[in-house]
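Notes follow the structure.
So that the names make sense, note that chain A is the first sequence line, chain B the second, and so on, each numbered from 1.
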2 protein chains.
Amino acid sequence: MMEKDFNLDDFGIYDGISETIVTTNKGWTPNAAPMGIIRKKDKLFIRLFKGSNTYENVLAEKKLVVNITHDPILFVLATFTDLNDSDFDTKAFDGISISSLKEAQCWIAFKCVNSKLTNEAFISELVPIRAHLNKCKIRAPNRGFCGVIEACIHATRYQLTEDEKYLKLIKAYGDIVEKCGGEAEKEAMKLIYEFL
Amino acid sequence: MMEKDFNLDDFGIYDGISETIVTTNKGWTPNAAPMGIIRKKDKLFIRLFKGSNTYENVLAEKKLVVNITHDPILFVLATFTDLNDSDFDTKAFDGISISSLKEAQCWIAFKCVNSKLTNEAFISELVPIRAHLNKCKIRAPNRGFCGVIEACIHATRYQLTEDEKYLKLIKAYGDIVEKCGGEAEKEAMKLIYEFL
């Protein structure tokens with residue numbers, strides 16, 4: 001269990017919505033998906049929409065792992081595909097199996113409390129149960145990285161609605177990635193176009 | 001002077017364009033402005049457009065300091081105002097005075113080499129001469145922070161052109177900041193609207 005002086009700031013989670021990759025597992029089968037984690041003061045919340053593997057796994061186990069990463073390719077692959085088993089690190093702590101991403105700068109495992117199930121979603125408060133710091137890396141803001149995140153979100157919306165306005169937005173962010181991104185961001189954007 | 005094993009990655013500068021705040025000085029008077037730093041493999045470049053204080057200072061001294069920060073308010077204030085003297089740390093090293101931002105996670109001082117002056121801009125390669133690491137802080141990606149950076153850029157373009165399309169873009173990014181940003185991002189966005 002977590003120590004009393006656990007600080008969300010130390011693990012990169014600030015107020016507002018943090019863009020993270022949430023990992024869950026069904027037995028020893030891990031799953032990863034990009035998710036926004038909402039922080040209000042010192043409380044954290046998540047809203048999971050019905051139908052995803054993450055939703056099913058969290059509903060069954062009432063726990064999840066939040067991974068902090070700035071790897072644009074990982075965000076794209078977790079949006080559109082099942083990551084490889086070799087991307088995960090799965091370990092048992094106190095009888096609970098926890099799957100995290102090897103590539104993450106850090107991860108925090110949470111249990112779900114005060115959960116609510118609506119017709120569309122599972123909404124829950126998150127209480128930390130274990131956390132791990134892999135590496136702290138300074139990274140200047142890069143508009144290309146932001147562009148990949150935005151393009152992933154609009155790509156998901158496009159797949160749900162087929163509304164062409166999302167294609168225009170993806171193209172606009174693709175231009176920013178082309179101008180400002182590094183090799184990883186450009187490769188990530190290429191993958192988005194391929195998955196569409 | 002820098003050691004041989006200086007690594008740009010350690011100071012958060014990756015390939016593509018890094019969004020930074022560049023500090024310069026005229027004697028003991030420091031100046032700050034947001035600038036994109038271009039990295040291609042292990043070389044860095046900057047392009048400074050005529051007419052700014054940064055341009056004048058760099059042209060006179062052929063040096064500048066790149067500060068890495070994720071403080072959204074600092075990006076907005078450096079875009080629209082002169083920062084307070086108390087925001088800077090100015091010190092002399094080897095007879096060269098170097099102004100950096102106290103709030104920066106790290107900074108790197110560069111000298112300009114292979115510079116070129118065109119009708120519109122000063123273009124130069126940057127060679128590191130000194131660097132300092134203040135603190136490494138993990139920070140999950142936040143779409144609100146990215147929104148503030150984009151809104152700053154469009155606000156500058158709006159002030160130059162008065163083209164209303166930029167106001168629409170600023171408003172769109174303002175909506176993302178309102179939804180995903182923390183208190184600092186929301187305050188930064190409020191400042192942008194005030195400065196317009």
For this session: Go through the steps to decide whether B:Ile13 and A:Arg139 satisfy the test side chain to side chain contact (heavy atoms under 4.5 Å, CB included), and finish with yes or no.
Result: CA-CA 6 Å; B:Ile13 312 250; A:Arg139 234 194 129 80; over 6 Å; no
For this session: Tell me, yes or no, whether the heavy-atom count around B:Gln159 atom CD, taken from other residues, nucleotides or ligands under 6.0 Å, exceeds 12.
Result: yes
Exercise. With chain A, which of B:Gly16, B:Pro141, B:Gly144 has the greatest number of heavy-atom pairs at distances under 4.5 Å?
Worked result: B:Pro141
Exercise. Do B:Leu101 and B:Phe93 sit in the same hydrophobic cluster, where Ile, Leu, Val, Met, Phe, Trp and Tyr count as joined when their side-chain heavy atoms come under 4.5 Å apart?
Worked result: no
Exercise. Within a reach of under 6.0 Å around NZ of A:Lys62, are more than 12 heavy atoms found that belong to other residues, nucleotides or ligands?
Worked result: yes
For this session: Against chain A, work out which of B:Cys136, B:Cys146, B:Gly147, B:Gly36 has the most heavy-atom pairs shorter than 4.5 Å and name it.
Result: B:Cys136
Exercise. Using a cut-off of under 4.5 Å for heavy-atom pairs, which of A:Gln105, A:Arg143, A:Arg39 has the most such pairs with chain B?
Worked result: A:Arg143
For this session: Tell me, yes or no, whether the heavy-atom count around B:Glu162 atom CD, taken from other residues, nucleotides or ligands under 6.0 Å, exceeds 12.
Result: no
Problem set entry | Which portion of B:Asp9 sits near chain A, non-hydrogen atoms under 4.5 angstrom | backbone
Exercise. For the atom pair CD1 (B:Ile38) and SG (A:Cys180), what is the distance rounded to the nearest 0.5 Å?
Worked result: 9.5 Å
For this session: Ignoring hydrogens and angles, tell me if any N or O in the side chain of A:His70 forms a donor-acceptor pair with the backbone of B:Ala140 under 3.5 Å.
Result: no
Exercise. Is there a donor-acceptor pair closer than 3.5 Å between any side-chain N or O of B:Asn142 and the backbone N or O of A:Glu19?
Worked result: no
Exercise. What pair of heavy atoms forms the shortest contact from B:Tyr14 to A:Ile138, and how long is it?
Worked result: CE1-O, 3.7 Å
Seminar exercise, completed: Heavy-atom nearest pair, A:Lys179 first then B:Ile17, reads O-CD1, 3.5 Å
Exercise. Would a hydrophobic clustering, with Ile, Leu, Val, Met, Phe, Trp and Tyr connected at side-chain separations under 4.5 Å, put B:Ile37 with B:Phe75?
Worked result: no
For this session: State whether the number of non-hydrogen atoms from other residues, nucleotides or ligands found under 6.0 Å of B:Arg47 atom CZ is greater than 12.
Result: no
For this session: Indicate, with yes or no, if B:Val127 and B:Ile68 share a hydrophobic cluster defined by side-chain heavy-atom contacts under 4.5 Å among Ile, Leu, Val, Met, Phe, Trp and Tyr.
Result: no
For this session: Determine whether B:Ile176 and A:Glu150 make a side-chain contact, defined as any pair of heavy atoms from C-beta on separated by less than 4.5 Å.
Result: yes
Exercise. If you look at every heavy atom in B:Glu183 and A:Asp15, which pair is closest and at what distance?
Worked result: N-OD2, 2.8 Å
For this session: Please check if A:Trp28 and A:Leu83 belong to a single hydrophobic cluster, counting links between Ile, Leu, Val, Met, Phe, Trp and Tyr side chain heavy atoms closer than 4.5 Å.
Result: no
